[in-house]
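Here is the structure we will look at, set down as structure tokens.
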Amino acid sequence: MPDRYTSFVDLAANEQPDIDYCIRVVDRGSEIGILAPHGGWIEPGTSEIAEAIAGSVFSFYTFESLRNAPHGHFQITSHRFDEPKGVALVNRCWMSIAIHGRRDEGNNAVWLGGRANRLRDAIGVSLRDAGFETALNNRLPGREETNICNRTRSGQGVQLELPRRLRSQLMSDANLLRSFCEAVRNPALQSPTM
């Protein structure tokens, strides 16, 4: 389904904050920001997973739909995502990691994308070492300069697309979620300016 809105201005003119959608921002002044721009009912579980990765270390942002609606109703495609608080947070960070959801297609692999190739690849190795499947994201590569994950000071970020089945598993298994979060967080902590 195509996106109903092409910008946040359009969405905000037609939807009500704290009724239809909410925005949560925790700016810890970190060099890395963890994002879930399609949280809540848009891509269920992404906000919770992103927040768990951020923990008490990284800055965190999410835009969440509070109403269950067709997928494209509240989603603003990542390369057009321009919600001001999210853009401002990402602009302050050197690097970002965006958590997205995708349909269950084939295996349970996390699709790896974004312009930060070194950090993307390091996260991929870390996830595989922790027992998670990964694959380069050829369908939704997240390479556009305007993609919210790449609107950092370095012009780079990482985009992770998690299948619905994996998101459900992470949400129902605290140990699995902890393992996933550590596998994403550790490469970012070791080299925040990759």
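The structure presented is a predicted model; accordingly, all values stated were derived computationally and were not measured.
- A distance of 9.0 Å separates CE of Met95 from CZ of Arg118, quoted to the nearest 0.5 Å.
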Working note: Ser65 + Gln75, criterion side chain to side chain contact (heavy atoms under 4.5 Å, CB included); need CA distance, chi angles, decisive distance, verdict. CA-CA 8 Å; Ser65 164; Gln75 174 174 301; over 6 Å; no
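- Linking Ile, Leu, Val, Met, Phe, Trp and Tyr whenever their side-chain heavy atoms come within less than 4.5 Å puts Trp94 and Ile123 in one cluster.
- Chaining together hydrophobic side chains whose heavy atoms lie under 4.5 Å apart places Leu89 alongside Tyr5, Phe8, Leu11, Tyr21, Ile23, Val25, Leu35, Ile42, Tyr61, Phe63, Phe74, Ile76, Phe81, Val87, Val90, Ile148.
- Judged by distance alone, the side chain of Arg28 and the main-chain N or O of Phe58 form a donor-acceptor pair under 3.5 Å.
- Ile99 and Val110 end up in the same hydrophobic cluster when Ile, Leu, Val, Met, Phe, Trp and Tyr side chains are linked at under 4.5 Å.
- Taking the side chain to side chain donor-acceptor pair (under 3.5 Å) definition, one finds that Ser30 meets it with Ser59, sequence neighbours left out.
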Output, in order, the C-alpha distance, side-chain angles, deciding distance and verdict of side chain to side chain contact (heavy atoms under 4.5 Å, CB included) for Leu189 and Val57. CA-CA 9 Å; Leu189 285 169; Val57 177; 3.7 Å; yes
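- Taking both residues in full, the closest heavy atoms of Asn147 and Gly142 are given as ND2-CA, 3.5 Å, listed atom of the first, atom of the second, then distance.
- No side-chain donor-acceptor contact under 3.5 Å links Asn150 to the backbone of Gln156.
- When hydrophobic side chains of Ile, Leu, Val, Met, Phe, Trp and Tyr are connected at separations under 4.5 Å, Trp41 ends up as a singleton with no cluster partners.
- Minimum interatomic distance between Gly124 and Leu112 (heavy atoms only, all atoms of both residues): CA-CD1, 3.7 Å.
- Shown here are the side chain to side chain donor-acceptor pair (under 3.5 Å) partners of Thr6, two or more places apart in sequence or in another chain: Asp10.
- Using a 4.5 Å heavy-atom threshold, the side chains of Arg167 and Pro44 count as touching.
- Pairs passing the salt bridge (Lys or Arg N to Asp or Glu O under 4.0 Å) check and including a residue from residues 142-157, sequence neighbours excluded, read Glu31-Arg153.
- Listed here is the closest heavy atom pair of Ile34 and Ala50: CG2-O, 3.3 Å.
- Hydrophobic clustering, with ILVMFWY side chains joined whenever heavy atoms are under 4.5 angstrom apart, groups Ile49 together with Ile97.
- Of all heavy-atom pairs spanning Pro141 and Asn138, the tightest one is CD-O, 3.9 Å.
- For Asp27, the salt bridge (Lys or Arg N to Asp or Glu O under 4.0 Å) criterion is met by Arg92, not counting sequence neighbours.
- If you chain together hydrophobic residues whose side chains sit under 4.5 Å apart, Val125 and Trp111 never meet in one group.
- The two residues Cys93 and Ile32 come nearest to each other via the heavy atoms SG-C, 3.9 Å.
- Between atom CG of residue Asn137 and atom CG of residue Leu160 there is a gap of 9.5 Å, rounded to the nearest 0.5 Å.
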Given Arg120 and Leu136, is the side chain to side chain contact (heavy atoms under 4.5 Å, CB included) satisfied, shown in steps? CA-CA 9 Å; Arg120 177 201 67 202; Leu136 283 179; 3.7 Å; yes
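- Ser96 contributes a side-chain N or O that, together with a main-chain N or O of Cys149, makes up a donor-acceptor pair within less than 3.5 Å.
- Hydrophobic clustering of Ile, Leu, Val, Met, Phe, Trp and Tyr side chains at less than 4.5 Å, counting indirect connections, unites Met171 with Phe132.
- Take Glu161 and apply the side chain to side chain donor-acceptor pair (under 3.5 Å) test, not counting sequence neighbours, and it matches Gln159.
- Residues Asp3 and Thr77 bring a donor and an acceptor atom of their side chains to less than 3.5 Å of each other.
- Remark: side-chain polar atoms of Thr46 are not paired, donor with acceptor, to backbone N or O of His100 under 3.5 angstrom.
- The shortest non-hydrogen separation linking Arg102 to Asn107 is NH2-O, 3.6 Å.
- Although no hydrogens or angles enter the test, the distance criterion places a donor-acceptor pair under 3.5 Å between the side chain of Ser172 and the main chain of Ser168.
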Output side-chain donor-acceptor pairs under 3.5 Å for residues 175-183, partner residues at least two apart or in another chain, one line each.
from   : atom 1 : to     : atom 2 : distance (Å)
Asn175 : OD1    : Arg178 : NH1    : 2.6

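- For Thr152, the side chain to side chain donor-acceptor pair (under 3.5 Å) test picks out Ser154, with sequence neighbours left out.
- Annotation: salt bridge (Lys or Arg N to Asp or Glu O under 4.0 Å) contacts involving residues 12-26, sequence neighbours excluded, comprise Arg4-Glu15, Glu15-Arg67, Asp20-Arg67, Arg24-Glu51, Arg24-Glu64.
- Applying the side chain to side chain contact (heavy atoms under 4.5 Å, CB included) criterion to Val9, with sequence neighbours excluded, gives Ser7.
- Every pair tested for salt bridge (Lys or Arg N to Asp or Glu O under 4.0 Å) that includes a residue from residues 69-82 fails, sequence neighbours excluded, so the list is empty.
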